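Below: the structure, in structure tokens.
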There are 2 protein chains.
Amino acid sequence: MFRLSDIIEEFIKELMRGTGADTLEIQRNELAEHFNCAPSQINYVLSTRFSIDKGYYIESRRGGGGYIRIQKLEIARKPYLSHLIFEHIGDSLTQMDALRVLKNLEEKNIISSRERAIMEAAVNDKSINVFSPPKDAVRANIMKSMLSTLIRE
Amino acid sequence: MFRLSDIIEEFIKELMRGTGADTLEIQRNELAEHFNCAPSQINYVLSTRFSIDKGYYIESRRGGGGYIRIQKLEIARKPYLSHLIFEHIGDSLTQMDALRVLKNLEEKNIISSRERAIMEAAVNDKSINVFSPPKDAVRANIMKSMLSTLIRE
DNA sequence: CTCTTTGACTTTCTTTGACTATTAATATTA
DNA sequence: TAATATTAATAGTCAAAGAAAGTCAAAGAG
């Protein structure tokens, strides 16, 4: 069950927890060499796990002394939930993206692990056994609906 | 006489008894190779013998590093939830009935009010905007799936 | 007829690599 | 010396290949 992308994700998160700071600077090639992978795999990890919607902001610079700066956004609960509901999710949401969003919500202590499990179950492909409106559309609805209960309170 | 599906079923159950843990991760292709059968036969076994109604919860992931995770629901520990999942809900659940069930669960302190709100949102008619499988069938699925997370923990 | 087995085809993630773009450092020229 | 060109050092993009799992319908067995 060796998934390098997950390992790199954890490595970065662990590094951030370690320094205590909310920003981390890495060098793409160095990191790639550390994990013995193609440099572009780092981009893959960043775009799938450290996007704005997961609560991270990324800046980078090319050329000599270049870097990638990963910043963990400290957004308040409601604005973050609003962003998810009104901007990110839209009318289609894949299962993978849903799972990643939920993982981050738990990491940000916006939901408990029980709540995460409940929501994961609700947006799971196996639960949403539909044809006519595509699964991703139904999932988007359910997800937005669930998240909005958290804003209401 | 030799029903391969039964043998695979037993093999998986034996594996779970062996490890003592309530979850087991397998790789579909590996298992298929072990039994010299088509990979899709594993799906057949899982869907006929390891569904939620049979007391198991399944998660899976495709792509590199993919897996199938089978978790046994320890129903004895949660009789009320089990009753709901295995007897009450069945394969169709109206919105009214879902709301009643959730209200009851909160009154019995099995779920928090937040959890109730989340689940209500998930099984709401507005979230489940489907035609082809009737809403009540999809709702039953989602509901059982969510409730089974409470047994799993 | 029902349940099981098989296999071709599909879908979803991940990994890799060739090619491109940008920036900083350095060398060259006016 | 100031301006400009060149080179080296980074990071970015995109599509193809790889690695799983899922679906569905037809064939087979009881």
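Model, not experiment: these values are computed from the prediction. Within every chain, numbering begins at 1; the chains are lettered A, B, ... in the order of the sequence lines, protein sequences first and strands thereafter.
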So what does A/T94 hit on the nucleic acid, given a heavy-atom distance under 4.0 Å: a base, only sugar-phosphate, or nothing?
nothing
What is the nucleic acid contact for A/T48, judged by heavy atoms within less than 4.0 Å: base, sugar-phosphate only, or nothing?
nothing
Would you mind checking if B/E10 and B/R17 are paired as a salt bridge, meaning a charged N to carboxylate O distance below 4.0 Å?
yes
Could you check if a side-chain atom of B/Q95 sits within less than 4.5 angstrom of a side-chain atom of B/I128, using non-hydrogen atoms only?
no
Could you list, one pair per line, each protein nitrogen or oxygen that sits under 3.5 Å from a nitrogen or oxygen of nucleotides 9-11 of chain C, together with the distance?
from: C/dT11; atom 1: O2; to: B/R62; atom 2: NH1; distance (Å): 2.6

Residues pairing under ring pair (Phe, Tyr, Trp, His ring centres under 6.0 Å) where one sits in residues 39-67 of chain A, two or more places apart or in two chains, turn out to be A/F50-A/Y56
Electrostatic pair B/R77-B/E74, nearest N-O below 4.0 angstrom:
no
Using a 4.0 Å heavy-atom cut-off across all strands, classify A/Q95 as base, sugar-phosphate, or nothing.
nothing
So B/I42, base contact, sugar-phosphate only, or nothing? Heavy-atom distance under 4.0 Å.
nothing
Select base, sugar-phosphate, or nothing to describe what A/N29 touches, counting heavy atoms under 4.0 Å on all strands.
sugar-phosphate
N/O (side chain, A/R49) to phosphate O (OP1/OP2, C/dT14) under 4.0 Å:
yes
Could you pick out which residue, B/I58 or A/G66, lies toward the 5' side of DNA chain D when each is mapped onto its nearest nucleotide?
A/G66
With the threshold set at 4.0 Å, does a side-chain nitrogen-carboxylate oxygen contact exist between B/R114 and B/E106?
no
Phosphate OP1/OP2 of C/dT15: any A/S5 side-chain N/O under 4.0 Å
yes
Between A/R100 and A/D53, is there a side-chain N and carboxylate O pair less than 4.0 Å apart?
no
For A/S60 and D/dG12, is the shortest distance between a side-chain N/O and OP1 or OP2 below 4.0 Å?
yes
Among C/dG7, C/dT16, D/dA11, the one nearest A/Q27 by side-chain distance
D/dA11
Treating A/K108 as the side-chain partner and A/L73 as the backbone partner, does any N or O pair qualify as donor plus acceptor under 3.5 Å?
yes
Between the side chain of B/E59 and the main-chain N/O of B/R69, is any donor-acceptor distance below 3.5 Å?
no
Checking all strands, does A/R100 fall into the base, sugar-phosphate, or nothing category for heavy-atom contacts under 4.0 angstrom?
sugar-phosphate
Mapping A/N36 and A/G65 onto DNA chain C by nearest heavy atom, which one lands closer to the 5' end?
A/N36
Is any side-chain nitrogen or oxygen of B/Q41 closer than 4.0 Å to OP1 or OP2 of C/dT4?
no
Check every atom of C/dT4, D/dG12, D/dT23 against the side chain of A/N43 and return the nucleotide holding the closest atom.
D/dG12
Quick one: B/L31 CG to D/dA20 P, roughly how many Å, whole number?
14 Å
Are the charged groups of A/D97 and A/K54 less than 4.0 angstrom apart, N to O?
yes
Answer with base, sugar-phosphate or nothing: what part of the nucleic acid does A/R61 contact at a heavy-atom distance below 4.0 Å?
sugar-phosphate
Shortest non-hydrogen contact between B/Q41 and B/S5, atoms and distance
NE2-OG, 3.2 Å
Under-3.5 Å N/O pairs linking protein and nucleotides 2-8 of chain D:
none

If you look at every strand shown and take non-hydrogen atoms under 4.0 Å, does B/L4 touch a base, only sugar-phosphate, or nothing?
sugar-phosphate
